[in-house]
Asker: 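Provided herewith is a single structure, encoded as C-alpha cells, for subsequent inquiry.
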Amino acid sequence: MDQVTPQTPKNLNQSPPFADINLYETDLVLQGCAVREGAAHAEDELRAFGAITGSAENLARGARANTRLPVLERDTAHEGIGNGIVVYDPSYHELMAISMKAGLHCSTWQQLVSGVAPKPGAHVARAAAFFMAAQMEAGHCCPVTMTHAGVAVLQRQPEILDAWLPKILARKYDPAFAPVADKSAVTLGMGMTEMQGGTDVRANLTRAEPLEGGGPGTLYSISGHKYFMSAPMSDAFLVLAQAPGGLSCFLMPRFLPDGTPNAIDFVTLKDKLGNRSNASSEVEFHDAQGWLIGREGRGVRTIVGMVTLTRLDCAVSSAGLMRFALADAIHHCRHRAVFGKKLVEQPMMARVLAHMALHSEAATMLAMRLARSYDGVQDEKEAAFRRLMTPVIKYWVCKTAPNFAYEAMECLGGIGYVEDASPLARLYREVPVNAIWEGSGNVMCLDVLRVLKRLPESVELVLGEFADAPGGERRVRAQLGQFKDLVSRPETLEGNGRVLAGLLADLAIATLMVTNAPANVADAYLSARDAAADDALFGSVELTGDPAGILERALPE
Ligand SMILES: Cc1cc2nc3c(=O)[nH]c(=O)nc-3n(C[C@H](O)[C@H](O)[C@H](O)COP(=O)(O)OP(=O)(O)OC[C@H]3O[C@@H](n4cnc5c(N)ncnc54)[C@H](O)[C@@H]3O)c2cc1C
C-alpha cells in the first residue's frame with residue numbers, strides 16, 4: 001500500500017500577500033482628499049510614490065527593519081564621549097533614502113532657498129505622500145517628520161537656518177557618522193523629555209551655560225540627561241535646557257565645528273512595544289555644545305512650532321496605518337471562504353468592514369483637511385482651523401487607531417496575530433505611539449481648552465465652518481448647542497476636555513462627510529454615529545445602505 005506523507009498545504013484558502021499594490025491608485029478616498037484640498041498638481045508624483053510604497057520589495061524592507069533592530073555601538077575612529085553610534089539594518093537606510101528622495105523631510109520649505117513661493121497645496125501633497133510612507137513602514141517616519149518640523153524652529157535664528165538649510169533640503173540620504181560638511185544631507189532630532197518631566201517640560205533639569213556671553217545664536221555648554229531622544233543618529237537635535245534666563249531651545253550638533261564629536265553620550269536604546277525600526281535613546285550631555293535658538297526663557301514658545309508640525313504628521317500617519325489595516329482586511333476577506341462563502345459576503349463581516357471603512361474615510365478626511373490649513377498660513381480662517389483643530393485631530397485620529405488596528409487584525413483570524421504571516425500584528429503594536437508622543441491624549445485636550453479660553457474668535461471661525469455645512473443641520477445644531485453649553489460651565493470645563501475635543505472632531509467629520517463624500521457613505525456614517533456611543537465596537541450598529549457599495553469604494557476590486 002502507498003504510504004501517504006502528511007504535508008502542509010500551500011496557501012489553501014488563504015489570501016495572497018497584500019503587496020505590489022499602488023497605495024495611491026487603490027485609495028479613492030486619499031485621491032479625493034488630495035485633489036480637493038489642493039494637491040491636484042502633485043497627482044503624478046503621488047501615483048508614482050504609491051507604487052513605490054506599496055511594492056512587495058519595500059513592504060518587505062519595512063518588515064525586515066522591524067526585526068533586525070538598531071543597536072548602540074562605539075565608533076572606533078573617534079575617542080571618548082560622543083562616539084556612540086547606532087547601527088541599523090540596511091533595510092532601514094533604504095527606507096530613509098526612499099522617503100528623503102521624495103522630499104518628505106523638506107518639500108514644504110523649498111521656497112526658503114529658491115525664493116519662489118511654494119505651489120498651493122504643498123503641505124497637502126506632502127501629507128498624502130507621508131500617509132503612504134507610513135504604510136510602507138512607520139518607524140523611519142520619526143526622523144523624517146522631525147527634520148521637516150525642525151525647520152520651523154530654525155527659522156527663529158536666520159543665520160543658523162542659512163548654515164543648515166542647504167543640507168536639510170538635500171534629498172540624497174546620507175547615514176554616515178560624520179561632520180555636516182562631509183555629508184550629502186542631514187536629519188534632525190529633538191530632545192525635550194526628561195525623567196522627572198516630559199509633558200511638563202518646565203521641570204527640565206538640564207542646564208545651559210553661555211560660552212560666548214549669551215544671547216540668540218551664540219554657543220552654550222549643556223549638561224544633563226534626556227529620558228527619550230529618538231533617532232539618535234541625527235546630525236543635530238533641538239534640545240530644551242535651563243539657561244540663566246529660563247527654559248530655552250538649542251540646536252545641538254553631533255559634530256562640533258572643529259570636526260570632533262559633540263559630548264552627547266547615548267546611554268541605552270529603549271526596548272519598545274512597537275516602532276522598533278526607529279531607535280529611541282536615553283542620553284547624557286556632558287558639556288555638550290549648542291546654539292541658542294530664539295531668546296533665553298522662550299524655549300517652549302520656540303519649540304512649539306516644531307511640535308505643531310509633528311502633531312499633524314502623527315494624525316496623517318495614524319490615518320495611513322488605519323487605511324493599510326482596512327485594505328489588508330478587505331483583501332483577506334475577499335479571498336478567504338468560511339462556511340462555503342467568502343468572508344466579505346458574510347453579512348456580519350461585511351458590516352464590520354463597512355463600518356471600519358467609514359471610520360478610515362473619516363480619519364483620512366480629517367488629516368488631509370488639517371494639512372490644508374498649514375498651506376493657508378496667511379488666511380485667517382485656515383489659521384484658526386490649524387490652531388484649534390491640530391490637537392483635536394491628533395487626539396481623535398491617533399486615539400481611535402489602536403482599536404481599529406485590533407479589529408482589522410481580527411478580520412484575518414489567527415494569522416492576523418502572527419508576526420511573520422501578516423503585517424497587521426506589527427501594525428497593531430505600532431499605532432499607540434502616535435497617541436502617546438508629541439503630546440498624549442489628555443495633553444491634546446488641554447491644548448484645545450487653552451484655545452477655547454484664549455482665542456474665542458478663532459473658535460467662532462471654525463464653528464462657523466461647521467454650521468455652514470449643507471445637509472447636517474439638525475445634528476450640527478444639537479452638537480453645537482451641547483458644545484456651547486459645556487464651554488459655558490467653567491467648573492467642569494477641564495474634566496470635559498475629551499468630550500469637547502470629541503465633539504469638535506465629530507462636527508468636523510460630519511461637515512467633511514456631507515460636503516464631500518458620496519451620499520451613501522455620508523448617510524451611513526452619520527446614521528452610525530447617531531446610533532452608537534463613542535466607543536462602539538465596529539459592526540455593532542445598524543448601517544444604512546449596502547455594505548458592498550461602501551467596500552467597493554474602500555478598495556475597488
Ligand atoms: C517611542 C517614543 C519615542 C519618543 N521620542 C522622543 C523624542 O525623540 N524626544 C522627546 O523629547 N521625547 C520623546 N518621547 C517622549 C514622549 O514625547 C513623552 O513620553 C510624552 O510626551 C508623554 O510625556 P511623559 O512620558 O512625561 O508622560 P506624562 O507627562 O507623565 O503623562 C502621563 C499621562 O498623563 C497625562 N497627563 C499629563 N498631564 C495631564 C494633566 N494636566 N491632566 C490630565 N492628564 C495629564 C498624559 O496625557 C499621559 O497620558 C518619546 C516617547 C516614546 C514612547
Side-chain angles (χ1 to χ4, degrees), residues 66 69-70 86 138-150 153 187-206 222 224-241 247 249-252 254 264 266-285 290 299-300 302-304 306-311 313-314 317-318 391 394-396 398-399 402 429-450 453 492-501:
N66 282 276
L69 303 187
V86 182
H140 83 288
C141 292
C142 173
V144 171
T145 184
M146 289 197 291
T147 306
H148 176 252
V153 175
T187 58
L188 303 178
M190 167 170 73
M192 296 196 289
T193 308
E194 298 188 6
M195 188 180 284
Q196 75 290 345
T199 304
D200 187 6
V201 287
R202 282 166 214 280
N204 273 196
L205 296 172
T206 298
I222 300 170
H225 172 256
K226 293 287 168 188
Y227 202 32
F228 283 92
M229 200 164 83
S230 290
M233 75 299 166
S234 299
D235 298 282
F237 304 90
L238 287 148
V239 166
L240 290 183
L247 193 65
C249 179
F250 299 88
L251 181 72
M252 183 186 281
R254 273 309 292 285
I264 302 173
F266 300 115
V267 180
T268 185
L269 298 185
K270 304 273 191 193
D271 181 8
K272 299 177 289 183
L273 169 70
N275 196 253
R276 290 169 78 78
S277 68
N278 176 39
S280 299
S281 70
E282 253 182 84
V283 59
E284 290 174 3
F285 308 135
V300 174
T302 304
I303 211 158
V304 94
M306 178 170 190
V307 184
T308 304
L309 282 166
T310 57
R311 285 174 184 167
D313 280 357
C314 286
S317 150
S318 284
K394 199 273 189 185
Y395 164 76
W396 190 90
C398 298
K399 280 206 85 68
R429 288 187 289 98
E430 176 71 32
V431 278
V433 77
N434 277 338
I436 293 172
W437 62 13
E438 306 307 311
S440 309
N442 288 354
V443 175
M444 290 299 86
C445 296
L446 288 172
D447 196 36
V448 173
L449 296 180
R450 202 168 296 128
K453 283 182 201 153
T492 51
L493 193 63
E494 191 164 325
N496 280 324
R498 286 189 177 209
V499 185
L500 288 160

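What you see is a predicted model; the values in this text were computed from it and never measured. Order of listing sets the numbers, starting from 1, for every ligand and every atom in it.
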Asker: Step by step, would you call K270 with E282 a salt bridge (charged side-chain N to carboxylate O under 4.0 Å, His left out)?
Answerer: CA-CA 7 Å; K270 304 273 191 193; E282 253 182 84; 3.1 Å; yes
Asker: Minimum heavy-atom separation for K394 to E438, with atom names?
Answerer: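 Nearest pair, atom of K394 first, then E438: CE-O, 3.8 Å.
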Asker: Considering non-hydrogen atoms only, spot the tightest contact between C445 and A501 and give its length.
Answerer: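 Scanning both residues, the minimum pair turns out to be SG-CB, 3.8 Å.
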Asker: Taking all atoms of both residues into account, what is the closest heavy-atom pair of L240 and K226, and its distance?
Answerer: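 L240 and K226 have their closest heavy atoms at O-NZ, 2.8 Å.
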Asker: Between F237 and A231, which heavy-atom pair has the shortest distance, and what is it?
Answerer: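 What the structure gives for the nearest pair is CE2-O, 3.7 Å.
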Asker: Where do G139 and N278 come nearest, in terms of heavy atoms and distance?
Answerer: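 Scanning both residues completely, I find the closest heavy atoms to be O-CB, 3.3 Å.
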Asker: With a 4.0 angstrom cut-off on heavy atoms, strictly below it, pick out the residues next to ligand 1 and order them by chain and number.
Answerer: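 Correct list: M190, G191, M192, T193, G198, T199, F228, M229, S230, K272, S280, V433, I436, W437, E438, S440, N442, V443, L446.
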